[in-house]
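Here's the structure, in structure tokens; my notes come after.
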Number of protein chains: 2
Amino acid sequence: MLQYAMLHLFGYEVSLDDLKSFRVGDSGLDSWKFSRLTLLQTVDSICPGHPEAHDTPGVEVTTGPLGQGFGNTVGLAIAQKHSEAVFNKPGFDLFTNYTYCFFGDGCMMEGIASEAASMAGHLQLGNIIAIYDDNHITIDGDINCAFTEDVLMRMEAYGWHTQWVKDGDHDLQGIEDAIRKAQEVTDKPSVIKLTTTIGFGSKLQGTHGVHGNPLKADDIKQVKKKFGFDPEKTFVVPQEVYDMYHKHAAEGAAAEQEWNKMFEKYGKEHKDLSADLTRRLSGKLPEGWVEKLPTYTSKDPAIASRKLSEAVLEAIHDVLPELMSGSADLTGSNNTIWQGAVDFQPPSTKLGTYAGRYMRYGVREHAMAAAMNGMAAYGTVLPAGGTFLNFVSYAAGAVRLSALSHQRVIYIATHDSIGLGEDGPTHQPIETLAHFRALPNMMVWRPADGNECSAAYYMAITSMQTPSIIALTRQNLPQLEGSTIKKAIKGGYVALEDKEAQITLVSTGSEVSICLEACKYLRDKHNVKARVASLPCFEVFDAQEKEYRLEVIPDGVPSMSVEVMSTMGWEKYSHEQFGLNRFGASGAYKDVYNKFEFNPEGISKRAMLTIDFYKDVKPLRSPINRAFQQMI
Amino acid sequence: MLQYAMLHLFGYEVSLDDLKSFRVGDSGLDSWKFSRLTLLQTVDSICPGHPEAHDTPGVEVTTGPLGQGFGNTVGLAIAQKHSEAVFNKPGFDLFTNYTYCFFGDGCMMEGIASEAASMAGHLQLGNIIAIYDDNHITIDGDINCAFTEDVLMRMEAYGWHTQWVKDGDHDLQGIEDAIRKAQEVTDKPSVIKLTTTIGFGSKLQGTHGVHGNPLKADDIKQVKKKFGFDPEKTFVVPQEVYDMYHKHAAEGAAAEQEWNKMFEKYGKEHKDLSADLTRRLSGKLPEGWVEKLPTYTSKDPAIASRKLSEAVLEAIHDVLPELMSGSADLTGSNNTIWQGAVDFQPPSTKLGTYAGRYMRYGVREHAMAAAMNGMAAYGTVLPAGGTFLNFVSYAAGAVRLSALSHQRVIYIATHDSIGLGEDGPTHQPIETLAHFRALPNMMVWRPADGNECSAAYYMAITSMQTPSIIALTRQNLPQLEGSTIKKAIKGGYVALEDKEAQITLVSTGSEVSICLEACKYLRDKHNVKARVASLPCFEVFDAQEKEYRLEVIPDGVPSMSVEVMSTMGWEKYSHEQFGLNRFGASGAYKDVYNKFEFNPEGISKRAMLTIDFYKDVKPLRSPINRAFQQMI
């Protein structure tokens, strides 16, 4: 509510009526009744229950779930430091902003805040000013019941500069002084502990009762009276308040004008940098970058798709200067670094510079994802970060917000199946693809070869409003005969056609080439003709015209999916499913695949059963044909 | 490897041959080739790549993914403190164990470790002795590149007792002294920072090269020589080493005998407690507990399923003393507490006692889940913990291990859909049920009314090897006419039968009653007969006989699923799916449901399209009929 009210006061397009639509009648079980009585609609209000980027003018990141805003802060600050190092020149302080963060006990309890704070301390992000609302209350009541640590000592341990304003309810000068002091500290992120009273002024001040519930009518009145407002009036802003805020807004607008003038001059003295920055901010990609994407023929050697991903980064990093890669401490395994990449590091570490484009996120998957959301939101960088596919789940909270808040973030997710081998079931994804395929506005790619890998990156980079997870193998994959970037960017295509096919095998990633082998096996051993559809990305395939999708998975032919993990979701694209609805096993890759019969023989056996099972069904419709459209 | 080797030395059933099967030839891309050459199988070895409870004798928790072991430690220590408080009596120190934990920089970077450490500090778990292997190396190399915080200061801030042994490579006396000192500190968890050299003795010591790769042959030889072993021999344990370890093992066995004697005596003096403990340790449930489960008739009032869950806890907590409930700071919203429940708290807080059975986990979903895994593994308690369904995703890493390591953990997941209303899309699950339904060995329950809620708890409590997520509504649900506990424990049943039905509506939770309304609508407006199947748990329904499942979702009738979230996975139980493959909206519950047409009219419209679409298909098979069995 504070965020919406401030936006209103500063003149953003958030009206008093918009403010009125915030959580109307949200008072528990009978909220529906209340809402009907007031005749106000909250659905599709631009003031949703938690602020969301894109929904409300001026809201830049989506921070509802606890700790996410803290992580976003670190990402915004990284992007600022990087942009400053790349673009600022003597006389041209283009990037100078601080990132302010408000957080509470709840944020601090969340692990993601620990990861993000440790990262910010290591990176010496002096452009962060975080204000800790130390109000001693969470939803369960006084924090004494669960949270008795020394927050400032902990922040100091992470390498933060710490201050404490003991009377945050009244000491406005102390708050201002602390903020000014924090602005001066440039080699450390700053935290200001502000000891406050929750619901200050309310009859229920200092209690959990003012966290989520609206104040009672009489309480509202006495609060207004206490602070010098007319208790009888609601949704009124005194003109002098508007005047003061609008004056500040005008100062901001004037500063923006100054900046624009400076940037115009910058354009003359630093033409290339200026053009680059203008392009980045407009969301355009440089000309010619697409031609850099590697392409392959079936004569090229078999190679692990994590290495194919590395080849893409190697090929495009020069032409795409906004690309910042990184890994959650798995650089050598995720293959996320290019030759000669410079670390994004504080210069004092002598390990890199702030102009560096390679992030050492540490073993901090959740904060990496939230930081990447902040980096993407800043507007000047395109973040890509790696971990094992199984551990993208550690980051699920922030990955969800990449999708909800339309951030172009790329998750490089290697070791994508039981094919990772010896690390075993604790590291082998089973449910992970189903999880993220079910997430709206998320592209989950699982390329089968080099061309598909390039296609995945093409789509990930050109989709300005959609994040991507690119699932990649540890083991080698042959280059397919039928693949091209052009085909693969449709999310699904025919990898092997046979107009007389008795079955369509639908597959992704490492299993596509095994399906192609299975086709030979079926022909040789069973005299059966089969075709193969490769479906590297459901989300993108779903967006194609129905006619095209029916070419890939046609009517009249039974289809079977093949993927070495949960079959969940595959019924949408196949009549029968061959997958792994159990945990994997530790062992050499081939042994594990054979144990679960993911080989030509195991696929063929099930294909034969599928053909037999559907031979009497008339008409045999493709699963692409549906009775009605899904709501998306 | 250390864990397996120690188990071997202490005489657990881990043989030298088992040790030989650990990660055979795991040296990167050519591991398969290597494995073939050595002719050794690692698949199904009892020494998997990361230790797993149940796979290896003596391995009690599954700790592969970083930070999980730290969280398990806190849970094991909670269970110890609680068991001590409940069962120890003068002269009968039944529960006295410490929990030892080894962790590294990687663990400490993970947010889950922060949550768990803060929780342990608050709870004053003096029975924890954690040893921090400060070897300065993670996979990306020297920790200077990502991790430069002051770990001991941070642990102190969490309320831990800290010590530092500076030469962990040689100072054995220092290590022993530190551990003895830590044992004496009873009001704080202890951490001992042990500064060590990774791969001590190897030519590659102090580098990342010894983290995941086997030593080279010549390096192995020189290491053996250096420490006084015969460099030519492999997999040999000198007899004096066996003798020393077996002597220790014998002392342990003697102590166990002592304990057994003490417990026999305890049985005479504290008959009830002894019987209770014996029962708990044997995995049996008390007689008569099932009868306590609430039952309902359709005349009972509509009530939110989170309140129905509360009623279950209220009814059974007395008869099930091993039940420890709790919440991640959402007690009032999750309805996880019973009347008069005492907090599990250090007595000095005056907020509870260690005998208390209500956990204030704080806003620490991931550590809550990992702690619950540890609590369940201890064997004397049955943990249940609450958060919003959407934030079970924050705990995904540990929830996965509940399933993989067969821990009986109950996740009470309220606010389970867009029906939560005003909190909006950031809090409304869309992908969450698909995610956890795709997780093997996880029961995901979404009860439609009181009887189904009792059934969910019945199954959750009686399934000793399987965790459960119980998804519960914020909004009120009517009591169904056709539901009973007996029906619902099958995971799916017919909620409304009509032998002449033209469509089966398959649904869960809050949508079941709307489907029943839709049946009336279909009859009145379209003269169409419909039947309803309630499917509160896929995992359990799948385990029923096929004949029964075909009664619920029969051949010859088109079926349509109705659930207000991702349709992913529903194709397995229905021909068509009505769901929400997009994010939700902030607003009053009814308004949001109407916006997305989850009302009798919206359901009926799609039901009519489904009936029409399938009218020409012969034979129209139930989706229960499959061409082949899934591998589970």
Side-chain angles (χ1 to χ4, degrees), chain A residues 23 26 31-32 35 42-43 48-50 64 106 109 111-112 114-115 118 122 138-140 145-146 148-150 153-154 157-158 329 331 360 362-363 393-394 396-397 422-424 426 431 434-435 438-440 566 568-569 571 576 581-582 585-588 590-591 609-610 613 627-628 630 632, chain B residues 23 26 31-32 35 42-43 48-50 64 106 109 111-112 114-115 118 122 138-140 145-146 148-150 153-154 157-158 329 331 360 362-363 393-394 396-397 422-424 426 431 434-435 438-440 566 568-569 571 576 581-582 585-588 590-591 609-610 613 627-628 630 632:
Chain A
R23 288 177 175 261
D26 181 15
S31 59
W32 174 57
S35 155
T42 60
V43 176
H50 291 87
M109 281 191 255
I112 183 176
S114 175
E115 298 178 6
S118 177
H122 168 75
T138 61
I139 295 185
D140 267 16
C145 77
T148 42
E149 63 179 53
D150 183 335
M153 186 195 284
R154 185 175 145 203
Y158 293 131
D329 192 48
T331 297
R360 303 283 178 176
V363 195
S393 305
Y394 266 46
E422 291 80 357
D423 270 333
T426 57
E431 76 287 7
H435 171 191
L439 183 62
S566 172
M568 181 163 285
E571 298 91 346
E576 296 291 315
N581 292 316
R582 52 156 284 168
S586 171
K590 282 274 183 187
D591 294 338
L609 291 168
T610 300
F613 191 71
F628 55 87
Q630 290 299 327
I632 51 170
Chain B
R23 287 177 176 260
D26 181 16
S31 58
W32 174 57
S35 154
T42 61
V43 175
H50 290 87
M109 283 192 255
I112 183 176
S114 174
E115 299 177 6
S118 177
H122 167 75
T138 61
I139 295 184
D140 266 17
C145 77
T148 42
E149 62 179 55
D150 183 334
M153 187 196 285
R154 186 175 145 203
Y158 293 132
D329 192 50
T331 298
R360 304 282 178 177
V363 196
S393 303
Y394 266 46
E422 291 80 357
D423 269 331
T426 57
E431 77 286 6
H435 171 190
L439 183 63
S566 173
M568 181 163 284
E571 297 91 346
E576 296 290 315
N581 292 316
R582 50 155 287 167
S586 171
K590 281 276 182 185
D591 294 338
L609 290 168
T610 300
F613 191 72
F628 55 87
Q630 291 299 326
I632 52 170

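Below, chains carry the letters A, B, ... as their sequence lines are ordered, and counting in each starts from 1.
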About how many Å separate [atom2] of [Y] and [atom1] of [X], when rounded to the nearest 0.5 Å?
X: Met153(B); Y: Met153(A); atom1: CE; atom2: CE; answer: 7.0 Å
X: Asp140(A); Y: Arg360(B); atom1: CG; atom2: CZ; answer: 4.5 Å
X: His435(B); Y: Glu431(A); atom1: NE2; atom2: CD; answer: 5.0 Å

What heavy-atom pair brings [X] and [Y] nearest, and what distance separates the two atoms?
X: Gln630(B); Y: Asn581(A); value: OE1-ND2, 3.4 Å
X: Ala434(A); Y: Ala438(B); value: CB-CB, 3.8 Å
X: Thr610(A); Y: Ala627(B); value: CA-CB, 3.8 Å

Partner chain B: residue of [options] with the largest heavy-atom pair count (under 4.5 Å):
options: Gly587(A), Gly397(A), Ala585(A), Gly424(A); result: Gly587(A)
options: Gly64(A), Pro440(A), Gly106(A), Ala396(A); result: Pro440(A)
options: Ser566(A), Ser114(A), Cys145(A); result: Cys145(A)

Side chain Glu149(A), main chain Ala157(B), donor-acceptor under 3.5 Å: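 No: the side chain of Glu149(A) does not pair with the backbone of Ala157(B).
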
Any donor-acceptor pair under 3.5 Å from Asp423(B) side chain to Gly49(A) backbone: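 Looks like no, no N/O pair under 3.5 Å.
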
Part of Ser586(A) within contact of chain B (heavy atom distance under 4.5 Å):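 Backbone plus side chain of Ser586(A), per the 4.5 Å heavy-atom cut-off to chain B.
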
Side-chain H-bond candidate by donor/acceptor type, Ser118(B) with Arg154(A), under 3.5 Å: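 The answer is no; no qualifying pair exists.
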
Option that, when pairs with chain A are counted at under 4.5 Å, heavy atom only, ranks first among Asp150(B), Thr148(B), Thr331(B), Thr426(B):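 When all of Asp150(B), Thr148(B), Thr331(B), Thr426(B) are compared, Thr426(B) has the most.
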
Contact leader toward chain A among Thr138(B), Leu609(B), Ile139(B), Asp329(B), where contacts are heavy-atom pairs under 4.5 Å: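 Of Thr138(B), Leu609(B), Ile139(B), Asp329(B), Asp329(B) has the most heavy-atom pairs under 4.5 Å with chain A.
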
